[in-house]
Protein chains: 2
Amino acid sequence: MKLGQATIKDIARELNLSASTISRALKDYPGISDETKRRVKEVAKNMNYRPNAIALSLRKSRSFTIGVIIPEVVHFFFSTVISGIEDIAQSRGYNVILSQSNEKLDREISSIETMLSNQIDGVLVSYSKETESFDHFTRVLDQGFPIVFFDRAPAIPNAINVMVADYQGAYDATIHLISQGYKNIVHLSGPKALKISIDREQGYRDALEKNGISVNPANIIECPLGTLEEGQRLVSELFNSLPERPDAFFSCNDIGAVGAMKACRDIGLKIPLEVGIVGFSDWQFCAMLDPQLSSVSQPGFMMGARATEILIDIIEKKLDVETMERNLILETKLMERDSSRRF
Amino acid sequence: MKLGQATIKDIARELNLSASTISRALKDYPGISDETKRRVKEVAKNMNYRPNAIALSLRKSRSFTIGVIIPEVVHFFFSTVISGIEDIAQSRGYNVILSQSNEKLDREISSIETMLSNQIDGVLVSYSKETESFDHFTRVLDQGFPIVFFDRAPAIPNAINVMVADYQGAYDATIHLISQGYKNIVHLSGPKALKISIDREQGYRDALEKNGISVNPANIIECPLGTLEEGQRLVSELFNSLPERPDAFFSCNDIGAVGAMKACRDIGLKIPLEVGIVGFSDWQFCAMLDPQLSSVSQPGFMMGARATEILIDIIEKKLDVETMERNLILETKLMERDSSRRF
DNA sequence: TCTCTGTACGCAATCGATTTCAAAGATTAC
DNA sequence: GTAATCTTTGAAATCGATTGCGTACAGAGA
């Protein structure tokens, strides 16, 4: 019989009391006799009563649910972020509604609409690679609805962002390669639509220039897809086209770095002796490779956790959107491993 | 002003109509004049009206939301399953509420309670390693509430399960190792609490026996944690303790296989010449390793997608729980790669 | 003029829980 | 003995949308 859950009215009928009394008794409100409270709780337990959160949401205009819009779930970094989100949300009594955009703008838009219809209290967003206009976010923000962006910060004034120190991470990685004696360092960059790609490239550029190395535009290769095959192919082509052979690669992601690694191995170059490689993100597999891949570690769990804390603090008005710090930047850490260590 | 969304009443007031008329006009019900419909829709648009799904849920006792309880999000296989779930749910108009148990029973229990409170229409579950009693599920199932289990099938009569062919996958992997001439094959098994561990071990056993090789209990090593370090350590110990040195490892997961790989390399054994290795799950990184790791590929996306389809079909009564097929087993595929290919 | 048939819309109940206001009954104070 | 106070409980409105039923009005037919 799935005739459904017992409600407060069922308990009321059973005990010949009113719904109001049941509600108060269950919540230990004053003004209800101990005897009544006891009986109500007993019957509630026997009837396997479970409060209807939907009814509560309707009444309070609060659902204790936050939405998460994320480009991909099958992605080491993003799944780590989700884990952090879920962890904090759970501990603070919030549900998490998940939607992946698959890097598609239209899906991103429809997701946020559905979520708003479902009266979520706030939303965490990492926007898709396709997203160039942010109207669908500003519209909502202007209504005073809380949004916290993570990893990918949109060009919206006053948006609240939680990011990693992409610039600094890239800078550190490049400095590391320079310090290991690599001279001709190539950067495999990401899609230009993402601020993180631009920041990482800038970190690379500045590190070179600070060390008196002029940046050769031919040494910056855009890898829009970020797949292994793409990285491998582009690096192979590079070996054939560049007059001076590169002796190091700093990739804006780990998969691309593996592609570069394979391309190097294909033509018999020794890593790290002849070529140094550093990735970005420090995916799980970096330490499993041979040689182990150096990479810039991003605090994914922390990012999810902090973004969620901020969002919930805003929802619960523990933070004032007008005056709060709008950008939180989490530090990266360079994991030096064998793929780039010559000394 | 976050004074909130426009409601049907706001539109009604604006147009001097009743709420019922607005509702019907928006849904193109008959009995409303075309002119009224036009005006209502126009005002709705201007006021940026968004229907309140919570109110609907309350009225219909249907939330168009399904819950997902999963041990871990940061896990290649599970994240792939989530992706499949999310994909189908989205296309069929359902929201996904996500909760990770972190392999903890109490979190699993509280998650399902919260979700039920939130009036989800059904739930997809992969239970935690700690879960040994399934009362918290049967209680709910007995009320007629739809649950579909995936990957890890509980010992509940009549439960609906979507699994991969663990037995067959393990059988195939072992046969493959035998066919490559490996003689002394060790199995790194998983926690005995999980049916998948038992099935995989049985596949290994049967493959050996079908080929006239008797199963040596000392060749079955339980790896309850499933970490790289554990695998590496246990395999190293094995090399010191077993009288006859193993020449192949079939691990019930990929991480353990990498551990075994490292342990072999530590003592200078050549892969696949002297030792063959096969993992299970075919995580993304398998193809990135050197040598590439052979592994049994599990259709994670498919599993999530199929489980979700079944769940939604049950919710929408397109499937009859009494008469339907209760176990769906998805085929695995052995990905033969360099770590186990001698010929 | 009266009845009949549509058309176009409104009233009110409903979903489940909360909460304001009020009231019945018991007890105390003077 | 009566008013005042306290204890314990109930009625009803509310959140937003849906829906069965009722009704006002216009035009048609007799």
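Hydrogens, waters and symmetry mates are skipped; everything else that's a heavy atom, side chains included, is used. Order of the sequence lines fixes the chain letters, A, B, ..., with proteins taken first and strands second; residue numbering starts at 1 for each chain.
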Inset, instruction - Would you list the pairs meeting salt bridge (Lys or Arg N to Asp or Glu O under 4.0 Å) in which at least one residue belongs to residues 51-72 of chain A, sequence neighbours left out? - result: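 Listed once each, the pairs are R62(A)-D121(A).
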Legend entry - salt bridge (Lys or Arg N to Asp or Glu O under 4.0 Å) partners of residues 125-138 of chain A, not counting sequence neighbours, each pair once: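 Salt bridge (Lys or Arg N to Asp or Glu O under 4.0 Å) check on residues 125-138 of chain A returns K104(A)-E130(A).
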Residue-level proximity of [range] to DNA chain D when a heavy atom falls under 4.0 Å:
range	answer
residues 51-64 of chain B	P51(B), N52(B), A55(B), L56(B), R59(B), K60(B)
residues 9-27 of chain A	N16(A), L17(A), S18(A), S20(A), T21(A), R24(A)
residues 29-44 of chain A	G31(A), I32(A), S33(A), T36(A)

Legend entry - I8(A) CD1 - dT9(D) C1' separation (whole Å): 15 Å
Inset, instruction - Let me know the distance between CE of M47(A) and P of dG16(C), rounded to the nearest Å. - result: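 From M47(A) CE to dG16(C) P: 12 Å.
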Inset, instruction - Check salt bridge (Lys or Arg N to Asp or Glu O under 4.0 Å) between K41(A) and all other residues, then give those that pass, not counting sequence neighbours. - result: D28(A)
Checking [X] side chain against [Y] main chain: does a donor-acceptor pair fall under 3.5 Å?
X	Y	result
R107(A)	P71(A)	no
R50(A)	S117(B)	no
R38(B)	S33(B)	no
E86(B)	Q100(A)	yes

Inset, instruction - Decide yes or no on ring-ring contact (aromatic ring centres under 6.0 Å, His included) for Y127(A) and F134(A), but give the supporting numbers first. - result: CA-CA 9 Å; Y127(A) 61 87; F134(A) 299 101; 5.0 Å; yes
Legend entry - Passing candidate, side-chain contact (heavy atoms from CB on, under 4.5 Å) with R306(B), options I88(B), L311(B), L328(B):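 In the set I88(B), L311(B), L328(B), the residue that makes a side-chain contact (heavy atoms from CB on, under 4.5 Å) with R306(B) is L328(B).
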